[in-house]
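These numbers come from the heavy atoms of this one structure, side chains and all, not from hydrogens, waters or symmetry mates. Quick note on labels: first sequence line is chain A, next is B, and so on, each numbered from 1.
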Amino acid sequence: MKKLLLVVSALVLTFALAACGGTETYEIAMITDSGTIDDESFNQGTWEGIVEYAEANDISHKYYKPGEVSDDSYLDAIELAVEGGAKIIVTPGFLFETSVYEAQTQFPDVNFIIIDGYPHAGDWAPVVEDNTLSIFFNEHESGFLAGYAAVQEGYTKLGFTGGMAVPAVVKFGVGYIAGAYYAANELEVDIDFSDDTYTYFGDFGPSDDFKNIALSWYTAGTEVIFSAAGGAGSSVMAAAADTDNVMIGVDVDQSGSSPTVITSAMKQLGEAVQQGLDAYYNDEFPGGDIWYLGAEDDGVALPMESSRFDNFTTAQYNAIFDMLVDGDVVVPADYDALASFLEALTATDTSNVPTREVVTGQ
Amino acid sequence: MNYIIEMLNITKEFPGIKANDNVTLQLKKGEIHALLGENGAGKSTLMSVLFGLYQPEEGIIKVRGEEVAITNPNDANDLGIGMVHQHFKLVHNFTVAENIVLGYEDTKYGFLEYRDAIKKIKSLSEQYKLKVDVNSLISEISVGMQQRVEILKMLYRDAEILIFDEPTAVLTPQEIEELMHIMRDMTKEGKSIVLITHKLNEIKQVADRCSVLRKGKYIGTVDVANTTVDKMAEMMVGREVSFKVDKEKAKPSDVVLTVDHLSVFNQRINKDVVKDVSFEVKKGEILCIAGIEGNGQTQLIEAITGLTQSSNGRVVLNNQDLSNQSIRDRNVAGVSHIPEDRHKHGLVLDYTLEENLILQSYFTEKFQKNGFLKFDAIHTHAENLIDSFDIRSGKGPSTIARSMSGGNQQKVIVAREIDRDTDLLIAVQPTRGLDVGAIEYIHKQLIAQRDAGKAVLLISLELDEVMNVSDRIIVMYEGETVGEFDPEHVTENELGLYMAGSKRSDH
Amino acid sequence: MTKIQHFLKHNIVGVVTVVSLFLLFFVLPSIFSGSDLLLNVNRLMIILVGLTYIIYKYMMFRQNYPNFKFAESTTLVNVLGSVIAIVIGLIFGLILMFFVSPANAMPGFFTILKGGFNNLKSLGNMIYFSVPIILTGLSVAFAFRTGLFNIGATGQLTMGAFAAVFIGVRGGFLGDIHPLLHWGVAVLGAGIAGGIWGAIPGILKAYRNVNEVVASIMLNYVAMYLNTILITTYIYNVDYARALDIERTSATPTFNLDLLFPTSSVNGGIVVAVIIVIILYVILNKTTFGYELKAVGFNRDASKYAGMNAKRNIVYSMMISGAVAGIAGAMMFLVVGKHLKPENILLQEGFTGIAISLLGLSNPIGVLLAGLFYGSLQQGGYYMQLYDFKPEIIDIIIAVIIYASALALFLQTFVIRRLKAREMTIDAKKVVEQEKEGDK
């Protein structure tokens, strides 16, 4: 008898609950890449841009997390977002390339913005459909600004730590080298920035080992390290804090993470995604385009308001930034271009320039 | 006559069973009152009620004529009731004095103050002739002494009523004798004693009156002086019990086991725990190795069965040298072993009865084929043994061993080992912790095996058992054999002296 | 009594309870999600008929075995412990959801309950996600049954994953012979790599008495760093900072399961998992080897007394446990579009396996069910994103449910203790009765 009662009550409950509920819809959706929403990097930067735009224009928005880091799961998450009512889906990072490639044909009525990547079938042949916008950044320009600012600030002993030698990180590094030596050339000083203080950690996550590398550099005299290594940057921050030194953050404004962050080589993720969203909502969605956003398009920047410079002024920053915008300085994006770029710098010693293209670990 | 404690019509029920059913216990001031019953008769439940660990459903407790409510052990202590536990509750790296005052320490300016305490302990020790050295560490003194420390602990707390829970289980005959004296002295000083035991001759020796419990029921109280041991046994078991084990004279024939100059070295304490032991066991005889616990018997058996490596000497079974064989090889060669600790070695408690019954034979053709167990054969095997050895359990072959009573667990082991039908049966304390009925049963089984032409090696701490069952006795003391006897021609007292190391014969 | 009757007597009530609860919690809510009243009434009829049949069967069973007592069915007691724990876990989850978003709590909760039973796709994905967890759960459970705590499933999984991916990337010539050969060799390689990694703490435990927990934890980190080195040295994709794509021939075949669960990620991993469940179940319950392993696990002294080679069994047990974890690694990464990364992060699946093993009461079949339950929760959590819950909150809710459920172990011992006390008194009574009869 008790059992029957249980069954009946369960059935009643089921009906009662089937009646309530019903999903809300979210127009702007973002799928998170591997890592958390507060990764102080792609997920966070992009999401903050979306939130700012959506709140200003009162549009519903939501981010979705894929079941795991795999192409299938990314595609599933896009499907889920569509099911959740998404009209435009933002995917931060190149890991979404093949998933967006599938999704753009599967959901022709939905629009996609993919950041730092372009849709392809796994063969790197870009297939950007009319409902998709692909956005890249000129990381080398961002790195250039950071290197330039560091040397102008008065630092002469520099270091660079990349997460892994992926193209974006390599471009940051090359730009950073170019910026540093460009400023040294302007100031007619010699700086100490060689292979000794240039490395790829081999990982984007924090680790005591990475902190130890940074510590050994700082103790040996390095004054500032630019860490283009995602979460591993926090290990560098810790090392800087321990030795009373400073570092430069990456991707987003990391000044809030540690007082040792003098500035950050930003990709204007938020700015970029807002440009895309704005175009979409003004019926000017540049479907099929690939954008490369540099200084000219407000795609890269140093956050001067939150930077902790004593000597490097906003006027100086604006001056060099304008030179990038105007094309007076063409920042090299790879080592070949860097070599010729450095040849033009005669007022400083460029014999020890870091040359590590792909070296992982220490 | 005034009673110091009266427990009247106590009934304590657990779900599904009455552990105490209308039990009455009346303790006179200055008497030694034995509480007799088999395992599970309800003795410990009754004492737990007295100590406030259980609340009875019915019945009242009076102390010194006044009805009291005892809700926890502290109440009992306040009423002057103290218990000497079977397993001592002592801190081994504390001194005697520290153990005695533990929980009742005096302090002066926040520091422990022992002077008065030691004075009191010394005077108590003298008063009751306990001869305890207050400054020794517990780990340095003998088991008998440790028990006296427990007694002193109660006296120190001014206990008027002392309850002894199976106090003689761990003592030598001489120590038992001394304990009896101490108990009598205490009653002369006005203390009252409850003696929990199932050893009838001790009751006969020391107690004034005896209350008997059986299966939770109160059977009666008798005057010990006017009651025979047989009568008390009958009250306890509910039927007549024979203490003398009926057996014919042994007819030993071929030698089965030869232990030849066997030594076992213990690295931890850096000495030989078995020293140069030699003996033989023949078909059709029961050889008993007697001795007080911890004199190397355990290691000797382990060396014979292969659980321990011997450092020297040989073990030969039917002319086959087993010294360097694995345990499995020895078992297969013909060693059956009823181990000392049935929970540690004898059974896998989480296995079922039928699984335990194949513990020594699961790998034989009878129970496996190509590595797969034959469940039908295992089941039938179990049913047969349950039948022939009268093993009682809740759910037959699929009963979990853990849920069985101690006596029936032991029967499982006995059944398994006897069923293997090997030439040598080693039984180590096979009746430990069992009640009279089960003991009787196991003794009969051992003798039946002997009569069937097996060689039986029995290790026992109980002198009764040693005297009754064996055909030949070897006494071990500190790892050595100190004498060999014929039970017909030796007294328990004399054996006791050998066991305690005060006598030895060269042989 | 025939074998089947014997099995029924000891298991039927447990099985029936599990099936009914499963229906109650998972299937019913999903079936009634549609809006067509007539359709729902039809379905209700079918279910009522089904339930009546089950109840009828149960009554028949009671009639045939009037003496059957719930307390005597260890299976049932164990299952009960797990079910109670799951319910408590779910209640914790629900409470948390009310705190986070009261309006969405109930629909969100039912999304979780529905879990993988949302639609065929989610069912497929549930199976897909549960496979590695089932396998690591089995790995932990198997070791646990033999008295060893294999906390190193993560490391064994990592080594297995590397071996599988390495063969998957470099073993194209095998695929040219036959695709299944390539996959089979990759899985086998993973099993061997995991087995070796598992055997190390086993050998240390058996011959040097090193605690297997400490050894296997350490080896987790060794595996993690070794994995980073091996990937970057042998199969590195610099552009993506991850291992190279595996050859398609080495990807786990779907065995047509994708037709059953269209568009889902499901693959043949579940077949592998079920086969391993069966193998482990048979080893543990039907063989002398399993009899020895369990005996060693329950009581090492007694197994020694019985002449079993405890040391050898410890090594074998850890080796099998490690091999299963290694195969879990293969199932995780022999997937097109999924990549092993040289990240210095311990893979979580090994640790989740511990919780699942507890929940599944270290029984292979229990672990299979618990693993599917986990997969279902994951899918439920995934679909909860359609409501106003942030993914992070959902992760917390799922974690709370899983870990509260893992309390099953403690609850189980509690339930068993209560029932044991009763059982023992019942046993005692029986013995007393038997003796009384004997007296007559």
Under a 4.5 Å heavy-atom cut-off, does chain C meet the side chain of [X], its backbone, both or neither?
| X | value |
| --- | --- |
| A:Ile37 | both |
| A:Gln106 | neither |
| A:Ser73 | both |

State the [atom1]-[atom2] distance between [X] and [Y], to the nearest 0.5 angstrom.
| X | Y | atom1 | atom2 | result |
| --- | --- | --- | --- | --- |
| A:Leu80 | C:Tyr383 | CG | OH | 6.5 Å |
| A:Asp71 | C:Asp245 | CG | CG | 8.0 Å |
| C:Gln378 | A:Glu68 | CD | CD | 10.0 Å |

Within the structure provided, determine whether [X] and [Y] are in side-chain contact (heavy-atom separation under 4.5 Å).
| X | Y | value |
| --- | --- | --- |
| A:Leu95 | C:Arg242 | yes |
| A:Tyr64 | C:Pro391 | no |
| C:Gln385 | A:Tyr26 | no |

Interface moiety of [X] toward chain A, non-hydrogen atoms closer than 4.5 Å:
| X | result |
| --- | --- |
| C:Phe129 | side chain |
| C:Phe389 | backbone |
| C:Tyr128 | side chain |

Donor-acceptor contact present, side-chain C:Lys390 to main-chain A:Lys62, <3.5 Å
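Flag not set: sc C:Lys390 to bb A:Lys62 has no pair under 3.5 Å.
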Look at C:Lys338 together with A:Asp72 and state whether they make a salt bridge at an N to O cut-off of under 4.0 Å.
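Looking at C:Lys338 and A:Asp72, the cut-off is not met.
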Is C:Asp395 salt-bridged to A:Lys65, cutoff N-O under 4.0 Å?
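Looking at A:Lys65 together with C:Asp395, the answer is yes, because their closest N to O distance falls below 4.0 Å.
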Do you know which of A:Gly84, A:Ala77, A:Gly122 has the most heavy-atom pairs under 4.5 Å to chain C?
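That would be A:Ala77.
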Atom OH of residue position A:Tyr101 - does it have more than 12 heavy atoms of other residues, nucleotides or ligands inside 6.0 Å?
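No, the 6.0 Å shell around OH holds no more than 12 heavy atoms from other groups.
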Could you pull out the closest heavy-atom pair between C:Ser265 and A:Asp76, with the gap in Å?
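Here C:Ser265 and A:Asp76 meet closest at OG-OD2, 3.8 Å.
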